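Step one of this worksheet: look at the structure below.
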Amino acid sequence: MRRDADHEGAHGKDRVRARDGDRRGHGPSRRPAAAFLLVLLLPALLPALLLGTATPASAHAVLRATDPADGTLLRTAPRHVTLTFTESVGLLTDSFRVYDPGNRRLRTGPAGHAAGRSDTARVTLPARLATGTYTVAWRVVSADSHPVSGALTFSVGKRTAAPAALPRERPENGATTALHTIARYLAYLSLALLLGTAAFVAYCRPPTTAHLRIPAVAAAVTLVASTLAVYLLRVPYEEAASPTTAFSLSALTHTATTRPGRLLLLRLALLLLAAAAATLLRTRRVRLPRRVTLAAATVLAVALALTWSASDHAAAGIQVPVAIVSSTLHLLATAAWLGGLAALLWTLRHAPRTATALPASVPARFSRLAFTSVVVLVVTGVYQSWRGLGSWQALTGTTYGRTLLAKLAAVTALLLAAACSRAWTARLTRPAQAAVRARVPEPATGPALPEPPPEPPPVPPLRLLRRSVLLETVAAALVLALTTLLTSTVPGRAATESAQPAPSTATGVQTASVLTVPFDTGAPGGHGKVQITLDPGRVGTNSLQAVIYGPDGGLATVPELRVTLTLPARRLGPLDTRLTDRGGYWSAPAFTVPLPGTWTVRATVRVSDLDQVTVSAPVRVKR
């Protein structure tokens with residue numbers, strides 16, 4: 001009896017300690033919980049820092065053709081410069097900068113679109129243009145909200161010395177690019193956490209949801225803050241300006257007139273409306289029917305997902321309506337799986353280490369939810385990959401394809417961790433199913449049946465389930481980071497289209513590649529420029545002309561000039577062009593370029609019997 005009393009007393013003390021622990025923090029002490037929260041957040045924040053410090057990726061819109069074509073020699077001066085892209089583009093207040101042969105900026109008309117063509121950008125040139133080579137620097141905003149820029153040259157009457165480096169007055173601002181990328185990643189992450197937590201509560205039905213309020217509120221606040229940050233950074237990001245220009249009235253009003261800006265404002269409005277409705281219902285203690293709550297939450301989730309899919313890659317290219325539906329389903333499935341995974345991990349963390357603390361039905365339901373989400377992700381992912389790549393070659397030959405391969409590797413690791421979680425979930429549900437099968441009715445008369453031996457609490461499977469879910473969360477953060485990177489990378493289909501030969505224009509002759517490279521032998525008067533023209537700059541027979549300009553900018557003669565081409569990617573070359581002095585310029589009328597790619601042109605200029613120098617520059621040769 002004494003031993004029983006001591007036993008009961010010990011159990012009573014344990015119950016008191018458990019109650020005290022529940023009052024202080026519903027389970028583990030605050031210090032381990034804080035450490036666990038840090039471990040949980042690090043995998044989510046590290047990809048954001050890496051994305052923010054990485055060099056900005058190319059945007060979706062790719063220049064398809066120009067009129068005049070790049071490097072064209074025109075007989076008469078054009079009235080417009082027209083750029084044609086692979087998708088619709090938006091124009092900035094300063095989208096074009098045109099420089100004359102003396103590298104002075106010309107006054108041009110306002111930028112606009114060609115009649116009925118939103119995928120074009122056009123600027124009107126002055127009525128009279130002098131003879132020589134002109135340089136056009138441009139910057140537009142693609143339909144998926146990313147800016148893209150570049151430059152081209154054309155000549156009127158004859159070619160003159162073009163600038164050694166094309167004008168680039170607006171280099172990308174590193175701080176603006178980093179802040180914008182981090183804000184976009186945090187928006188993706190917080191949306192997944194918010195919608196995933198809601199899906200976990202609605203479908204998995206944990207016994208208590210009090211512990212999920214903190215991560216849900218934190219996700220909602222982060223989503224509002226990151227959306228507001230993206231809105232403020234839109235104009236600095238588009239114009240490659242400093243982040244300090246984000247708060248000007250003109251920048252705020254301009255963003256509101258663009259489609260990405262309107263979608264960001266819609267997202268903020270939806271979030272604030274949902275927060276106001278939830279606060280009002282909670283203040284007045286109104287409980288809506290479950291079906292009404294689920295319907296309202298579903299509409300809100302779809303509307304929030306649409307603010308992403310309507311402004312990213314799905315909004316441009318082929319099959320836009322189907323692509324937007326696919327992108328929306330892909331984002332919702334991602335949120336249900338990855339955000340629900342974080343909610344399950346948080347629930348497992350706050351569940352006491354007993355068999356009855358967390359019903360086995362909760363992880364079992366999440367396992368079914370995750371399986372359904374994976375099926376949706378596979379179907380929509382295959383479609384989006386086909387739409388973005390366009391060919392098998394683009395899978396390894398483009399940045400988009402290589403990034404997609406990295407994402408597939410991360411998803412594979414995520415699926416392996418999910419398979420482990422599914423196995424431990426089955427271990428958890430097995431004792432409950434065995435107990436249901438072993439239950440027999442007690443006899444109406446006679447002695448009672450002996451009590452079955454108690455099942456040991458499934459503590460080891462629960463602990464291992466926590467670990468496998470934590471591994472899933474780490475892989476999920478990496479998947480979201482790569483997804484953010486994909487939305488800022490040129491799809492393989494667009495990159496392939498931009499590499500196709502551009503049609504010749506009616507205002508000039510076939511396009512050519514023109515290089516102007518400075519040289520300096522170190523001797524007095526031994527510096528100048530060599531201008532090399534590869535015409536038409538495509539695979540096959542080309543003509544190559546070279547002109548030497550002296551220190552005063554005028555034509556100069558040299559005793560020897562040698563030009564070779566090397567293709568480093570294929571270890572081909574050097575190929576000697578065998579230039580011939582034509583009395584004022586050097587020429588090779590028939591030179592064969594066998595393969596497309598980025599070739600290295602090396603020019604060896606000898607200005608005297610003792611002084612010579614070799615300079616090089618890249619040139620793109622198309623098919």
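Just so it is clear, the structure is predicted and the values come from calculations on it, not from any experiment. Scope of the values below: all heavy atoms of this structure, side chains included, with no hydrogens, waters or symmetry mates.
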Under 3.5 Å, is there a donor-acceptor pair between the side chain of Thr245 and the main chain of Ala241?
no
Of the options Thr84, Thr82, Asp67, which is the one that meets Arg122 in a side-chain hydrogen bond (donor to acceptor under 3.5 Å, both in side chains)?
Thr82
When rounded to the nearest 0.5 angstrom, what distance separates CG in Leu189 from OG1 in Thr222?
8.0 Å
Output the distance between atom CG (Leu195) and atom CG (Leu338), rounded to the nearest 0.5 Å.
11.5 Å
Is there a side-chain contact (heavy atoms from CB on, under 4.5 Å) between Leu304 and Leu271 once you walk through the steps?
CA-CA 8 Å; Leu304 286 175; Leu271 292 171; 4.0 Å; yes
Is there side-chain contact between Leu264 and Val230, with at least one heavy-atom pair below 4.5 Å?
yes
Arg79 side-chain N/O to Pro126 backbone N/O, donor-acceptor pair under 3.5 Å:
yes
Given the options Tyr231, Tyr185, Tyr237, His180 meets ring-ring contact (aromatic ring centres under 6.0 Å, His included) only with Tyr237
Worked verdict on Tyr134 versus Thr153 for side-chain contact (heavy atoms from CB on, under 4.5 Å)
CA-CA 6 Å; Tyr134 290 78; Thr153 62; over 6 Å; no
Could you list the residues that satisfy side chain to side chain donor-acceptor pair (under 3.5 Å) with Ser155, not counting sequence neighbours?
Thr133
Validation row: Leu252, Phe247 side chains within 4.5 angstrom (heavy atoms)
no
How long is the span from the CG atom in Leu265 to the OG1 atom in Thr307, to the nearest 0.5 Å?
11.0 Å
Looking only at heavy atoms, the pair that brings Val156 and Pro78 closest together is CG2-CD, 4.2 Å
Can you name the closest pair of heavy atoms from Leu125 and Leu129 and give their distance?
CD1-CD1, 4.0 Å
Is there side-chain contact between Leu268 and Val224, with at least one heavy-atom pair below 4.5 Å?
yes
Examine distances only and state if a side-chain atom of Ser326 and a backbone atom of Val322 form a donor-acceptor pair shorter than 3.5 Å.
no
In short, Thr516 meets Lys529 closest at the heavy-atom pair CG2-CD, 4.0 Å
Cation-pi check for Trp308 against Arg267: NZ or CZ below 6.0 Å from the six-membered ring centre and within 45 degrees of the axis, yes or no?
yes
Check the pair Thr598, Val619 against side-chain contact (heavy atoms from CB on, under 4.5 Å), reporting the backbone distance first and the verdict last.
CA-CA 6 Å; Thr598 301; Val619 62; over 6 Å; no
Between Leu152 and Leu83, is any pair of side-chain heavy atoms under 4.5 Å apart?
yes
Are any non-hydrogen side-chain atoms of Leu306 and Ser309 less than 4.5 angstrom apart?
yes
Euclidean distance, Arg184 CZ relative to Ser226 OG, rounded to 0.5 Å:
11.0 Å
Starting at CG of Leu91, measure out to NE2 of His113 and round the result to the nearest 0.5 Å.
4.0 Å
Flag the pair His80 / Val123 as yes when at least one side-chain heavy-atom distance between them is below 4.5 Å, and no otherwise.
no
To check you understand the geometry: which heavy-atom pair defines the closest contact between Ser95 and Val140, and what is its length?
OG-CG1, 4.3 Å
To the nearest 0.5 Å, how far apart are OG1 in Thr380 and NE2 in His330?
5.0 Å
Heavy-atom pair of closest approach, residues Leu332 and Ala301
CD2-O, 3.7 Å
Are Leu223 and Leu194 packed together at the side-chain level, in the sense that at least one heavy-atom pair is separated by less than 4.5 angstrom?
yes
Non-hydrogen side-chain atoms of Val601 and Ile532 separated by less than 4.5 Å
yes
State, to 0.1 Å, how close Pro68 and Thr66 come at their nearest heavy-atom pair, and which atoms those are.
O-OG1, 2.8 Å
Full working for side-chain contact (heavy atoms from CB on, under 4.5 Å) between Leu331 and Tyr188:
CA-CA 9 Å; Leu331 186 57; Tyr188 273 111; 4.2 Å; yes
Tell me whether Leu405 at atom CG has more than 12 heavy atoms from other residues, nucleotides or ligands lying less than 6.0 Å away.
yes
Give a yes or no answer on whether the side chain of Ser327 reaches the backbone of Ala323 with a donor-acceptor pair at less than 3.5 Å.
no
Are Phe200 and Trp346 an aromatic pair, judged by ring center distance below 6.0 Å?
no
